[in-house]
Amino acid sequence: MMTALDPRQMAADLGVRLEAEYPLARLTTLRVGGPAEWVFFPATPEQAAALHGVLREQGSDPRVIGGGSNIVAPDAGVRGAVICTAAMNLPPEAVGGERFRCAAGQAIPGLARWACRHGRRGVEFAEGIPAQLGGALRMNAGANESCFAEITETVLLAAGDGRIEERRVAAGDFAYRESFIGREGRFVVGAILRLPEDEPEAIRRRMLSFRRRRQATQPLTERSAGCVFANYPDQSVGALVDELGLKGLRVGGAEVSSVHGNFIINRGEARAADVLAVIDRLREELIRATGRAPRMEVEIWRERR
Ligand SMILES: Cc1cc2nc3c(=O)[nH]c(=O)nc-3n(C[C@H](O)[C@H](O)[C@H](O)COP(=O)(O)OP(=O)(O)OC[C@H]3O[C@@H](n4cnc5c(N)ncnc54)[C@H](O)[C@@H]3O)c2cc1C
């Protein structure tokens, strides 16, 4: 990490947990990836913004990881600082009317269950997405004809100088599986969500039907990073992979799922290199079949820098 300050000293000064040479395979749902040189685990939005400010002041541009459910991490690991939001999994806080302040590390399945228990609708579409709120906003994660942009009033961002900046969501901030957060390279420390009241039983019923649909269409018991490619505007990539007979395609321990053609699963011993080889092969075949390059949905982290 290109900083004058010792990362250990920095973490101790801010009261943030720090791990050295921490395996990225432990932080990603695909379970591949070598060690990250430094991983910081801030516990609150305030601590995360302060940490981010100090790192930026020291000339470091930290990577961020949430649930690690959309990342292929490199076998060689990464150099420098990674901020993991997993410890920022605090209970949502009511801030007036139907508005709730949530931290970036809020696990989405837990948030959906909490909302159901408290008679608040809006998140049930996302119950099966193994993300955290920051990553879900960055990707504008969606399912069942809904997405995070629809329930977000304000995004809480690290301002870069240690403070938290509040950004009210405006037209154009979010689109299909992408957002201003990625475009502008921002770090989300939390958000204010709008969750109107509803009958817990009605919410529970919707959640159950979404869960059944997901169980029938996704390999939920396998290790994966969700959809590899964003769907074409007019065509589902999973269906096309199926039509092309590519389900089951395997390199080393990485295999195209037989349940969903846009998922690559780790059969147990996969390396990132195996996953990347399968991705390359799928991309070639999709281009051959459609004449169009598919847009990546998973993010591929490159080697140590
Ligand atoms: C079984 C399975 C099912 C899935 N189903 C769906 C689905 O139905 N719909 C869908 O849209 N996706 C789905 N996904 C993909 C994935 O869950 C989403 O892309 C999700 O939004 C990623 O969130 P995350 O917290 O895991 O982010 P990560 O994978 O940790 O990170 C993804 C990106 O967001 C950035 N990021 C993470 N946290 C922050 C933050 N606090 N501030 C700024 N940037 C940040 C990272 O740097 C990276 O660029 C699925 C994945 C799996 C494994």
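Residue indices begin at 1 and follow the sequence shown. Ligands are counted one by one from 1 in listed order, and the atoms in each one are counted from 1 as well.
Here is the list of ligand 1 atoms found below 4.0 Å of a heavy atom in T29: 53 (C). Close contacts between ligand 1 and G142 involve ligand atoms 7 (C), 8 (O), 9 (N), 10 (C), 11 (O) [criterion: under 4.0 Å to a heavy atom]. Shown in contact with I71 at under 4.0 Å from a heavy atom are these atoms of ligand 1, numbered in order with element: 28 (P), 29 (O), 30 (O), 31 (O). Counting the atoms of ligand 1 from 1 in the order shown, those under 4.0 Å from a heavy atom of M139 are 19 (O), 21 (O). Heavy-atom contacts of A136 reach the following atoms of ligand 1: 21 (O), 23 (O) (cutoff under 4.0 Å). For ligand 1, the atoms sitting less than 4.0 Å from at least one non-hydrogen atom of I65 are 30 (O), numbered in the order shown with element in parentheses. Within ligand 1, the atoms closer than 4.0 Å to a non-hydrogen atom of A143 are 8 (O), numbered from 1 in the order shown.
Atom 12 (N) of ligand 1 has as its closest protein heavy atom E297 OE2, 4.2 Å. Of the protein's heavy atoms, V64 O, 2.6 Å lies nearest to atom 47 (O) of ligand 1. At the shortest separation from atom 27 (O) of ligand 1 among protein heavy atoms lies G135 CA, 3.6 Å. Given atom 50 (C) of ligand 1, the protein heavy atom at minimum distance is G226 CA, 3.8 Å. Of the protein's non-hydrogen atoms, the one nearest atom 28 (P) of ligand 1 is G68 N, 3.6 Å. If you check which protein heavy atom lies closest to atom 30 (O) of ligand 1, you get G66 N, 2.7 Å. Ranking the protein heavy atoms by distance from atom 26 (O) of ligand 1 puts S69 OG, 2.6 Å first. Nearest protein heavy-atom contact of atom 34 (O) of ligand 1 is R138 CG, 3.0 Å.
Of all heavy-atom pairs spanning P45 and L90, the tightest one is CD-CD1, 4.0 Å. The minimum heavy-atom distance linking R223 with R267 is given by the pair NH2-C, 4.4 Å.
Within 6.0 Å of atom CZ in R183, more than 12 heavy atoms from other residues, nucleotides or ligands are found, so the atom counts as buried in its surroundings. Within 6.0 Å of CZ in R281 there are 12 or fewer heavy atoms belonging to other residues, nucleotides or ligands.
Contacts between R63 and ligand 1 below 4.0 angstrom, taking non-hydrogen atoms only, are absent altogether. Contacts between V188 and ligand 1, counted as non-hydrogen atom pairs separated by less than 4.0 Å, involve both the backbone and the side chain. With a 4.0 Å heavy-atom cut-off, ligand 1 is reached by the backbone of A225 but not by any atom from C-beta on. Residue contacts with ligand 1, taken as heavy atom pairs separated by less than 4.0 Å, involve A141 via backbone and side-chain atoms alike.
Under the salt bridge (Lys or Arg N to Asp or Glu O under 4.0 Å) criterion, R186 pairs with E165, sequence neighbours left out.
Of the N and O atoms on the side chains of T154 and E166, not one donor lies less than 3.5 Å from an acceptor on the other residue. Using modelled atom types and a 3.5 Å distance limit, the side chains of Q9 and D13 yield a donor-acceptor pair.
On a distance-only criterion, N140 and ligand 1 share no N/O pair closer than 3.5 Å. Residue G67 has at least one N or O atom closer than 3.5 Å to an N or O atom of ligand 1. Residue R214 has at least one N or O atom closer than 3.5 Å to an N or O atom of ligand 1.
I287 has its side chain out of reach of E285: every pair of non-hydrogen atoms, C-beta onward, lies at least 4.5 Å apart. Considering only heavy atoms from C-beta on, V82 stays 4.5 Å or farther from F41 through its side chain. Under the 4.5 Å side-chain criterion, counting only non-hydrogen atoms from C-beta, V278 is not in contact with E255. At a threshold of 4.5 Å between non-hydrogen side-chain atoms, the residues F263 and Q218 count as touching.
Remark: the backbone N or O of G66 is paired with a side-chain donor or acceptor of Q132 at under 3.5 angstrom.
Among residue pairs with one or both ends in residues 102-145, those qualifying as ring-ring contact (aromatic ring centres under 6.0 Å, His included) are F100-W114, W114-H118, F125-F148; sequence neighbours excluded.
Of the listed residues (A86, G134, P130, A131), the one carrying the non-hydrogen atom nearest atom 2 (C) of ligand 1 is P130. Around atom 1 (C) of ligand 1, the closest heavy atom drawn from A230, C147, S224 belongs to S224. For the residues I181, L220, I129, the heavy atom positioned nearest atom 13 (C) of ligand 1 is part of I129.
Under a 4.0 Å N-O distance rule, the pair D274/R250 does not qualify as a salt bridge. Contact check on E127 versus R204 returns no salt bridge, with no Lys/Arg side-chain nitrogen under 4.0 Å from an Asp/Glu carboxylate oxygen.
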